[in-house]
Amino acid sequence: MERSNHTVTEFLLLGFTTDPVMQLVLFVVFLGVYSLTLVGNSTLIVLICNDSRLHTPMYFFIGNLSFLDLWYSSVYTPKILVTCISEDKSISFAGCLCQFFFSAGLAYSECYLLAAMAYDRYVAISNPLLYAQAMPRKLCAFLVTASYLGGFINSLIITKRTFSFNFCSDNIIDDFFCDLLPLVKLACGRKDGYRVLMYFLLASNVISPAALILTSYLFIIATVLRIRSTQGRLKAFSTCSSHLISVTLYYGSILYIYSRPRSSYSFDRDKIVSTFYTVLFPMLNPMIYSLRNKDVKEALNKLFK
């Protein structure tokens, strides 16, 4: 990607508002959210590493999800904090490219990782006595590695294609980060082939993992319905509840942004939805997987003692 082919050398991020008071309020809010994200995910990783009771496939995936969320949030929030308190709203061409690459790669990786976690839940419920043998550490490591590889290979494809455009019309991004839709709006030239690539990547990185998750839960439901006792059914469903909440929140917000017709785009509304899956969701994940989990609570009490 030759930068000399582009007339734009930097972009301006409009962010959320130009009101100085609101910018200060947003700075405090985002700083609080980012601090909770760092503390929550780091604590969960430490608990999983240190407590032998949490050395199971399920917590292996949860620990990797927390690590991914730490990285994911750090792609966006520091730049948001800077733009809230600084008059300089610019981001260099190279900085925008890097932010786009890592945000897409981590978003795609999380989609695959959530699908791997759904398969893990299916194995745990359908074959609980042989769960550890059916999900050995090598298989878990392979699924996590494949999630990252799939995410970043596809991110490389979309990043290379996006930044091969000439951004000759304007350099103002009506968003708080270098996102796909605002960048495409600024790009010049024919975009028919690019839209086909966008839909292909959406299908392969979001819809296909979502279909795998749906299939896993259909098998889970079929397995649970064969359990005779009501208490047994509730116990089986409770092991999936945290993951199901994560999937619903994450996939719901991403599909809302990227799968709608172009006529329904609204950058102001989309900023709010984007904030949810880029900034708030990494903060909520540790709460979802710890507040509803007895083992994590016991490990946390043990750590503080």
Is there a chain of hydrophobic side chains (I, L, V, M, F, W, Y, each step under 4.5 Å between heavy atoms) that links [X] to [Y]?
X: V28; Y: V39; value: no
X: L36; Y: V46; value: no
X: F16; Y: L14; value: no
X: V184; Y: L97; value: yes
X: M287; Y: L70; value: yes

Between [atom1] on residue [X] and [atom2] on residue [Y], distance to nearest 0.5 Å:
X: S86; Y: L81; atom1: OG; atom2: CG; answer: 12.0 Å
X: D120; Y: L143; atom1: CG; atom2: CG; answer: 9.0 Å
X: F61; Y: T56; atom1: CZ; atom2: OG1; answer: 10.0 Å
X: T77; Y: Y72; atom1: OG1; atom2: OH; answer: 10.5 Å

Backbone N or O of [Y] within a donor-acceptor pair of the [X] side chain at under 3.5 Å?
X: K89; Y: T83; result: yes
X: S253; Y: Y250; result: yes
X: D51; Y: L47; result: no
X: N41; Y: P282; result: yes
X: T162; Y: T159; result: no
X: D19; Y: V21; result: yes
X: N154; Y: G150; result: yes

Looking at [X] and [Y], what are the two nearest heavy atoms and their distance?
X: S155; Y: A104; result: OG-CB, 3.5 Å
X: P128; Y: S126; result: CD-C, 3.6 Å
X: P57; Y: M135; result: CG-O, 3.4 Å
X: L68; Y: L106; result: CD2-O, 3.8 Å
X: L180; Y: M198; result: CD2-CE, 3.3 Å
X: L212; Y: A115; result: CB-CB, 4.5 Å

Kindly assign one of parallel, tilted or perpendicular to the pair [X] and [Y], based on the angle between their ring planes and the thresholds 30° and 60°.
X: F176; Y: Y76; answer: perpendicular
X: F100; Y: F163; answer: perpendicular
X: F67; Y: W71; answer: tilted

(message) Checking F11 against L183 for the side-chain contact (heavy atoms from CB on, under 4.5 Å) test, could you report, in this order, the C-alpha distance in whole Å, the side-chain angles of both residues, the deciding distance, and whether it holds?
(response) CA-CA 10 Å; F11 296 96; L183 284 170; 4.1 Å; yes
(request) Show your working on side-chain contact (heavy atoms from CB on, under 4.5 Å) between Q23 and I85 and close with a plain yes or no. (result) CA-CA 7 Å; Q23 285 183 340; I85 60 173; over 6 Å; no
(request) Just do the side-chain contact (heavy atoms from CB on, under 4.5 Å) check on N205 and C111 with the steps written out, would you? (result) CA-CA 7 Å; N205 294 290; C111 290; 5.7 Å; no
(message) Is the shortest side-chain heavy-atom distance between N64 and S147 below 4.5 Å?
(response) no
(request) Kindly indicate whether the side chain of V224, heavy atoms from C-beta on, has any atom under 4.5 Å from the side chain of I125. (result) yes
(message) Taking the six-membered ring for Trp, are Y112 and Y148 closer than 6.0 Å centroid to centroid?
(response) no
(request) Please check if atom CZ in R137 has more than 12 non-hydrogen atoms from other residues, nucleotides or ligands closer than 6.0 Å. (result) no
(message) Taking CZ in F219 as the centre, count heavy atoms belonging to other residues, nucleotides or ligands within less than 6.0 Å. Is the count above 12?
(response) no
(request) Using side chain to side chain contact (heavy atoms under 4.5 Å, CB included) as the criterion, point out the one residue from Y119, Y251, Y122 that pairs with I213. (result) Y251
(message) Here's a test for you: under side-chain hydrogen bond (donor to acceptor under 3.5 Å, both in side chains), which of S246, S73, S242 qualifies with N285?
(response) S246
(request) Evaluate the criterion side-chain contact (heavy atoms from CB on, under 4.5 Å) for residue pair S274 and F177; output intermediate values, then yes/no. (result) CA-CA 10 Å; S274 298; F177 71 105; 4.2 Å; yes
